[in-house]
Amino acid sequence: MNASVPHRQDLATELIDRVRAARVHWSRLARTTPSDQEIGMGRHRDYANATVLRRIIADHGWPDVPLVGQEGATAAWQIALHADTQTEIQRVAARQMANAVERGTASVRQWAHLHDRCLVNAGNPQLYGTQYRLGQCGPERLPVRDPAALDRIRAEIGLPAADIALEGLRRRLSSEPSISTDDEEPTGDDDRDVTRAVELARAA
């Protein structure tokens, strides 16, 4: 993917700023049991962010690297990943991002996380095993379509073996949260993949 100056720096800035404002909340949800007030504030922010993303997709298609740069594209993906209360937008984002992956202007590893999130939110087992809930002993992987083939499926898109990813996730959740949007490529599974499962379980 080309890291040249984005065509729409204004859109990139808006996406990045929105994620920076939400990131502290997302990281906290992955590590602690949120209060009802925190859940409500987070849902309001995520709803507003998803609405902005929907507008951008309607006008431009998926906000990929040429349009908004690497950091802006990562921010768009994070917003889509957290749009769990607006699953229609989430599914549209996943389809549009898949088109960008085929063009070589979006990350297949990022898309895999979003694809799994859509499957989980539809009540289906995930394909790549990237999504978790926070259990009594830490993160627990949500059901997978084909557990025996999971490591092979993950390796096909450059994700590490499932057990290695889970151990890395546990280490990250035990450390101080990061609020950066610079993590362009998920090299494993991380706190973004447990945040919403925690929030939705608490709100149920």
Side-chain angles (χ1 to χ4, degrees), residues 1 15 18-19 22-23 26-27 29-30 46 49-50 53 57 62-65 68 70-87 89-102 104-134 139-147 149-173 177-178 180-200:
M1 289 176 287
L15 290 166
R18 285 181 173 276
V19 165
R23 187 69 168 128
W26 294 342
S27 295
L29 284 175
D46 291 344
N49 289 345
L53 181 60
I57 290 174
W62 179 253
D64 57 8
V65 174
V68 296
Q70 190 67 70
E71 191 176 1
T74 294
W77 164 66
Q78 291 186 15
I79 288 171
L81 200 65
H82 289 85
D84 294 309
T85 60
Q86 298 187 76
T87 55
I89 296 176
Q90 202 171 56
R91 290 192 299 270
V92 168
R95 289 195 298 269
Q96 292 291 324
M97 190 176 186
N99 293 336
V101 168
E102 291 183 359
T105 60
S107 161
V108 66
R109 292 197 291 271
Q110 289 181 349
W111 171 82
H113 288 245
L114 182 56
H115 180 65
D116 273 356
R117 190 66 139 258
C118 290
L119 290 172
V120 167
N121 283 335
N124 298 315
Q126 52 182 327
L127 178 61
Y128 297 99
T130 64
Q131 303 302 299
Y132 300 81
R133 65 181 178 186
L134 194 60
E140 301 172 349
R141 183 173 284 109
L142 291 166
V144 174
R145 182 183 302 171
D146 189 352
L150 181 58
D151 284 347
R152 174 182 58 78
I153 291 170
R154 289 173 64 94
E156 288 173 354
I157 61 167
L159 288 173
D163 287 347
I164 293 174
L166 178 56
E167 180 59 32
L169 172 59
R170 287 171 174 160
R171 286 198 305 271
R172 282 188 289 276
L173 289 178
S178 168
S180 172
T181 60
D182 294 338
D183 43 348
E184 168 256 321
E185 285 285 348
T187 55
D189 305 334
D190 60 28
D191 60 334
R192 290 172 296 216
D193 299 312
V194 296
T195 301
R196 300 307 292 189
V198 174
E199 177 179 356
L200 295 176

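From a predicted model like this one, the values you see are computed outputs, not experimental measurements. Throughout, residue positions are numbered sequentially from 1 according to the sequence presented.
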Evaluate the criterion side-chain contact (heavy atoms from CB on, under 4.5 Å) for residue pair R141 and L150; output intermediate values, then yes/no. CA-CA 12 Å; R141 183 173 284 109; L150 181 58; 4.2 Å; yes
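- When all heavy atoms of D64 and A100 are compared, the pair lying nearest together is CB-CB, 4.3 Å.
- Around CG of N124, the count of heavy atoms belonging to other residues, nucleotides or ligands within 6.0 Å exceeds 12.
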Passes side-chain contact (heavy atoms from CB on, under 4.5 Å), T85 versus D46? Steps please. CA-CA 8 Å; T85 60; D46 291 344; 5.6 Å; no
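- Interatomic distance, Y128 OH to E156 CD, rounded to the nearest 0.5 Å: 7.5 Å.
- H113 contributes atom NE2, which lies 5.5 Å from atom CH2 of W77 (distance to the nearest 0.5 angstrom).
- A distance of 6.0 Å separates CG of L81 from CG of L114, quoted to the nearest 0.5 Å.
- Rounded to the nearest 0.5 Å, atoms OG1 (T130) and CG (L169) are 10.5 Å apart.
- No side-chain donor-acceptor contact under 3.5 Å links R154 to the backbone of L159.
- Separating the CG atom in L53 from the NE2 atom in H82 is a distance of 13.0 Å, to the nearest 0.5 Å.
- The minimum heavy-atom distance linking R145 with P125 is given by the pair N-CB, 3.6 Å.
- Contact annotation: the side chain of P139 never approaches that of R133 to less than 4.5 Å [non-hydrogen atoms, C-beta and beyond].
- The shortest side-chain heavy-atom distance between Q90 and R117 falls under the 4.5 Å cut-off.
- Note that CG of D163 and CG of D151 are 7.0 Å apart. Values are rounded to the nearest 0.5 Å.
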Please evaluate residues M97 and Q110 with respect to the criterion side-chain contact (heavy atoms from CB on, under 4.5 Å), reporting the C-alpha separation (whole Å), side-chain torsions for both, the decisive distance (0.1 Å), and the verdict. CA-CA 9 Å; M97 190 176 186; Q110 289 181 349; 3.5 Å; yes
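- The shortest heavy-atom contact between W62 and A73 is CZ2-O, 4.3 Å.
- Contact between W111 and A94 at its shortest, heavy atoms only, is NE1-O, 3.3 Å.
- In this structure, L15 and P63 have side chains that are in contact, with non-hydrogen atoms separated by less than 4.5 Å.
- Between G129 and V144, the shortest heavy-atom distance links the atoms CA-CG2, 4.0 Å.
- Each of D84, T87, D116 was checked for a side-chain hydrogen bond (donor to acceptor under 3.5 Å, both in side chains) with N121, and the lone residue meeting it is D84.
- Taking both residues in full, the closest heavy atoms of A50 and I89 are given as O-CD1, 3.8 Å, listed atom of the first, atom of the second, then distance.
- Q126 has its side chain out of reach of P143: every pair of non-hydrogen atoms, C-beta onward, lies at least 4.5 Å apart.
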